[in-house]
Amino acid sequence: MTSVIHTRAELAAAVAAVPGEVAVVMTMGALHEGHRTLMRTARARAPFVLVTIFVNPLQFGPNEDFEKYPRTLDADVAACAAEGVAVVFAPSRDEMYPGGAPQITMDAGPVGGILEGASRPGHFAGMLTVVQKLLMLTRADVAYFGEKDYQQLALIRRLVRDLELAVDIVGVPTVREPDGLAMSSRNRYLSPADRSAALALSRALRLGAASTDAESALATATKILAEEPAVRVDYLALTAPDLGPPPASGPARLLVAARVGGTRLIDNVPLTLAPSDRLPDPRPRQRA
Ligand code: AMP
């Protein structure tokens, strides 16, 4: 039986009774197969999985979709129950921020200001603040996050390292629709025409990542995105796995953000660069 709780007192009582590890999956609800894969991965390691559902106002900008973000608690609880989740913690805004907006918050550092952070000022500070609060409230031993939000995952790893948090962070590969579109709660905003245009993102990343050369990976992806006029690219970037400048060779990441209709979508893939004869250019590679 999955129990659904809304207060921090109920949460404290629920986690105090757990004899083993507490595994946590943090979400904003509107759960889909991507979230369910996180739950399933968590269940494979620990019998006690706790899912948090909270649309965090702190991480939305003034012109973003906080008000209209989908809220589907009943269906979400059913999904959690089907995945064997022990507890769903769905707090109200006042329960999370009893003193109003917090005065002490996280600084997301330099990586918090690039890519998503450049387009969404304050987003990562708000995200890290709620993640830190939820880690404390849930007393998580292990927390699962999707690679879909790759910069978020990188920043959470950095938070844990820099502030010595006693929690294990596990990244889970992106779950996609059969046609390649990365699953997202925001996909439901897409009209059929937008949805088909949005496939250019995953196609560009897939074909770009088939290249082992940085220049041609970016050129291939740029070309595919340019062929789809309904896709307005915010950034396309090739980075190191920690989002620093791309290496001359070895593991790297290709990331994209774009607007399709009124919806902002993000996606990313891993790739491996082969050593080339040319001297590496140490500047981060980015094309808008
Ligand atoms: P959200 O509810 O969008 O804040 O996402 C909650 C968690 O689910 C985050 O760790 C996301 O990275 C993860 N997630 C969302 N979509 C996917 C996906 N398609 N594949 C894997 N993880 C995902």
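Because only heavy atoms are used, hydrogens play no part in the values below, and waters and symmetry mates are left out as well, while side chains stay in. Atoms within each ligand, like the ligands themselves, are counted from 1 in listed order.
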Tell me which residues fall inside the under-4.0 Å heavy-atom shell around ligand 1.
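Residues within 4.0 Å of ligand 1: Met26, Thr27, Met28, His32, Gly34, His35, Leu38, Tyr69, Phe145, Gly146, Lys148, Asp149, Gln152, Pro173, Thr174, Val175, Met183.
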Residues [X] and [Y] bridged, charged N to O under 4.0 Å:
X: Arg264; Y: Glu116; answer: yes
X: Arg253; Y: Glu147; answer: yes
X: Asp267; Y: Arg203; answer: no

Whether Arg259 engages the ring of Tyr235 as a cation-pi pair (distance to the six-membered ring centre under 6.0 angstrom, angle to the ring normal within 45°) should be assessed.
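Pair Arg259/Tyr235 does not count as cation-pi.
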If the plane angle is over 60° it's perpendicular, under 30° parallel, otherwise tilted; pick one for Phe60 and Tyr69.
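Perpendicular, since the angle between the ring planes exceeds 60°.
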ILVMFWY cluster membership beyond Ile224 - transitive side-chain contacts under 4.5 angstrom:
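Result for Ile224 is Leu207.
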